[in-house]
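Since we're looking at a predicted model, the values are computed, not measured. Residue numbers begin at 1 in each chain, while the letters A, B, ... track the order of the sequences.
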2 protein chains.
Amino acid sequence: MNYETLLREHGLKVTPQRLGILSAIQEEGHMGIDDLFLQIKKKFPSISLATLYKNINTMVDVELLKEVALSGLKSRYEISKAAHAHLLCEKCGQLKDLDFDLKDLSTKIEYDSHYRMKRIDLMLSGICPDCQQQD
Amino acid sequence: MNYETLLREHGLKVTPQRLGILSAIQEEGHMGIDDLFLQIKKKFPSISLATLYKNINTMVDVELLKEVALSGLKSRYEISKAAHAHLLCEKCGQLKDLDFDLKDLSTKIEYDSHYRMKRIDLMLSGICPDCQQQD
DNA sequence: TTTGTAAAGGATAATTATTTTCCTTTAAGA
DNA sequence: TCTTAAAGGAAAATAATTATCCTTTACAAA
């Protein structure tokens, strides 16, 4: 994926920090602010947490990133893509994408409810196979 | 609904503040901390915000309440019931239950993924019919 | 290229959100 | 009634996020 193009397409300036943020998120799939800050500091030791927050917010605003809200935990962020489901392990915190297309469901509920639908999120949470072993 | 029984069944003491919190949530369907605090102050002007937080947390811990996480907004809380979907209006903030049973879907994904599933949430968001008019 | 400028970065302060502490009060079982 | 562990309230402490202000930089127009 070309992050420079991605940023420009969303009307944002290309900066080294932004490129670093995007590649870190892409590499992990999803990241929370704190992990992201630790990760990004490896490449940019002087980056400010405020810069990270500002960039996350602007990228969410232009819908380059999507915030995944989790109950009881801080949000994670992912690079926007077609609506899909998420699977969270409540023990180890790993968040995975599920290959489950939500478009048809969204369209159906849009039709039934008369809402102009913007977004659909399906979140499953439980204990992953690895963590089940450890009990 | 009998809130005294509900509290006792979850091993919690019955207090006037807790009864007030539960009936406020039930009346509205879902509430965030701040609205809940305003509402509950009508009946208990001296209630502390810390008390509200503590009660919400304990009731979530014993699964009497469920936290509904929303991206970009503070969480809402609802009284636990069978897994159902939610519909949020991004403009007016109203959150509604959708009569959409998620059990079968959860069971299927549990089987496919080998996770021990604890929870499933389906959240749709968009603009409600009323707010569409106002544009 | 150079240059002008709006936007981005970094440090810090400020604000907002949530939790903890500590003392008083109360629910509920003995 | 008592007893006591838990709950309430006020305030302080901590965590999370945003705003401010000055410096630096991306980038487009000359």
Side-chain angles (χ1 to χ4, degrees), chain A residues 2-25 31-62 64-65 67-77 93, chain B residues 2-25 31-62 64-65 67-77 93:
Chain A
N2 185 340
Y3 303 122
E4 300 204 13
T5 309
L6 197 57
L7 284 164
R8 290 214 176 85
E9 280 173 354
H10 286 85
L12 299 180
K13 284 190 180 177
V14 176
T15 71
Q17 291 87 343
R18 284 177 176 170
L19 295 174
I21 292 168
L22 289 173
S23 70
I25 293 176
M31 293 190 93
I33 288 282
D34 303 310
D35 283 350
L36 194 45
F37 190 51
L38 289 177
Q39 193 60 32
I40 211 78
K41 266 186 163 288
K42 293 181 186 166
K43 265 196 186 168
F44 302 91
S46 74
I47 198 174
S48 160
L49 185 54
T51 297
L52 181 54
Y53 270 106
K54 283 186 281 190
N55 276 319
I56 293 290
N57 287 341
T58 56
M59 290 194 259
V60 168
D61 287 347
V62 299
L64 196 167
L65 292 183
E67 177 185 350
V68 181
L70 303 173
S71 27
L73 299 171
K74 289 174 92 174
S75 291
R76 311 274 171 94
Y77 299 87
Chain B
N2 185 340
Y3 304 122
E4 300 203 13
T5 309
L6 197 57
L7 284 164
R8 291 214 175 85
E9 280 172 356
H10 286 86
L12 299 181
K13 284 192 178 175
V14 176
T15 71
Q17 290 86 345
R18 284 176 177 171
L19 295 173
I21 291 168
L22 289 173
S23 71
I25 293 176
M31 292 189 93
I33 288 283
D34 303 309
D35 283 349
L36 194 46
F37 190 52
L38 290 177
Q39 192 60 33
I40 210 78
K41 265 187 163 288
K42 292 181 186 167
K43 265 195 186 169
F44 301 91
S46 74
I47 198 174
S48 160
L49 184 54
T51 297
L52 182 54
Y53 271 107
K54 283 185 280 191
N55 277 318
I56 292 290
N57 287 341
T58 56
M59 291 195 258
V60 168
D61 286 347
V62 299
L64 196 167
L65 292 183
E67 177 184 350
V68 181
L70 303 173
S71 28
L73 298 171
K74 289 174 97 176
S75 291
R76 311 275 171 93
Y77 299 89

So, OP1 or OP2 of C:dT19: does either fall under 4.0 Å of a side-chain N or O from B:N57? yes
Given D:dG9, is OP1 or OP2 found less than 4.0 Å from the side-chain N or O atoms of B:T51?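 Checking D:dG9 against B:T51, a side-chain N or O does come within under 4.0 Å of OP1 or OP2.
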Would you mind classifying the nucleic acid contact of [X] as base, sugar-phosphate or nothing, using non-hydrogen atoms under 4.0 angstrom?
{"X": "A:K74", "result": "sugar-phosphate"}
{"X": "A:I33", "result": "nothing"}
{"X": "B:S46", "result": "sugar-phosphate"}

Rounding to 10 degrees, work out the angle separating the end axes of the helix from C:dT1-D:dA30 to C:dA30-D:dT1 (five pairs an end).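 One end axis against the other gives 40°.
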With a 4.5 Å cut-off on side-chain heavy atoms, are [Y] and [X] touching?
{"X": "B:Y77", "Y": "B:I56", "value": "yes"}
{"X": "B:L64", "Y": "B:T58", "value": "no"}
{"X": "B:R76", "Y": "B:I25", "value": "no"}

Out of D:dT17, D:dG9, D:dG8, which nucleotide sits closest to the side chain of A:L49? D:dT17
When you get a sec, tell me which of D:dG9, D:dT18, C:dG10 is the closest nucleotide to the side chain of A:Y53? D:dT18
Footprint string (nucleotides 25-30 of chain D, 5' to 3'): B base within contact, S backbone only, - free, heavy atoms under 4.0 Å: -BS---
Heavy-atom neighbours of B:K41 NZ exceed 12 at 6.0 Å: yes
Taking distance alone, no hydrogens or angles, what donor-acceptor pairs closer than 3.5 Å link side-chain atoms of residues 8-19 of chain A to residues at least two apart or in another chain?
from	atom 1	to	atom 2	distance (Å)
A:H10	ND1	A:L6	O	2.8
A:T15	OG1	A:R18	N	3.1
A:R18	NE	A:N55	OD1	2.7
A:R18	NH1	A:K13	O	2.9
A:R18	NH2	A:N55	OD1	3.3

